[in-house]
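Since the structure comes first, as structure tokens, the remarks are kept for the end.
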Amino acid sequence: LHSLAYKFTFGVIEDHYANTNTSEKDKRFIADTFAHAAIGVLISWVNNGMKEDPRIIVGKFALMFEGVFSSALEKLNNTSENEILSLFDK
């Protein structure tokens, strides 16, 4: 399941954001993170008895993440690993 979600998510990133300077490693991190989020939503839906219309769930998921890929790619592209580590110094 993760493999399918990851391939889809990474494909979206590659198709729509191929011209960014973001490293392959960071693109893969973003794809992995969003794949896990999608699987979590699916598992919750199943655990709750699949009562909600799946189109509503997918629609909500799509609306929530609209523009998030570009924002995440930009943030990771413009932030060094030292800056990321300094977040823990606060």
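Bear in mind the structure is a predicted one, so any value in this text is a computation, not a measurement.
Note that the OG1 atom of T22 and the CZ atom of R28 stand 13.5 Å from one another [nearest 0.5 Å]. We find the NZ-CG distance between K60 and L63 to be 10.0 Å, quoted to the nearest 0.5 Å. Atom NZ of K27 is separated from atom OG1 of T20 by 4.0 Å, given to the nearest 0.5 angstrom. To the nearest 0.5 Å, the span separating CD1 on I43 from CG on N48 amounts to 12.0 Å. Between the CZ atom in F34 and the CZ atom in F61 there is a gap of 7.5 Å [rounded to 0.5 Å]. One distance of note links OG of S44 with CE of M50; it measures 13.0 Å at 0.5 Å rounding.
Counting side-chain heavy-atom gaps under 4.5 Å among Ile, Leu, Val, Met, Phe, Trp and Tyr, the cluster of Y6 also holds F10.
Of all heavy-atom pairs between F69 and T9, the closest is CZ-CG2, 3.6 Å.
When the side chains of ILVMFWY residues are joined at heavy-atom separations under 4.5 Å, either directly or via intervening members, M64 and V12 end up in a single hydrophobic cluster. A single hydrophobic cluster is not seen to contain both F8 and V58; linkage of ILVMFWY side chains at heavy-atom distances under 4.5 Å, directly or through other members, places them apart. Taken together through direct or relayed side-chain contacts under 4.5 Å among Ile, Leu, Val, Met, Phe, Trp and Tyr, W45 and I56 form parts of separate hydrophobic clusters. Taking hydrophobic clusters as Ile, Leu, Val, Met, Phe, Trp and Tyr residues chained together by side-chain heavy-atom distances below 4.5 Å, I84 does not share a cluster with L73. Cluster annotation: I13 and L4 are assigned to distinct hydrophobic clusters (Ile/Leu/Val/Met/Phe/Trp/Tyr, side-chain heavy-atom contacts under 4.5 Å, transitive).
Not a single ring pair (Phe, Tyr, Trp, His ring centres under 6.0 Å) links H16 to another residue, sequence neighbours left out.
Ring orientation note: the planes of H36 and H2 are tilted relative to one another, at an angle of 30° to 60°.
Side chain of S71 to main chain of V68: no donor-acceptor pair is present (N/O by atom type, distance under 3.5 Å, no hydrogens or angles).
Counting non-hydrogen atoms of other residues, nucleotides and ligands closer than 6.0 Å to CD of E81 gives a total of 12 or fewer.
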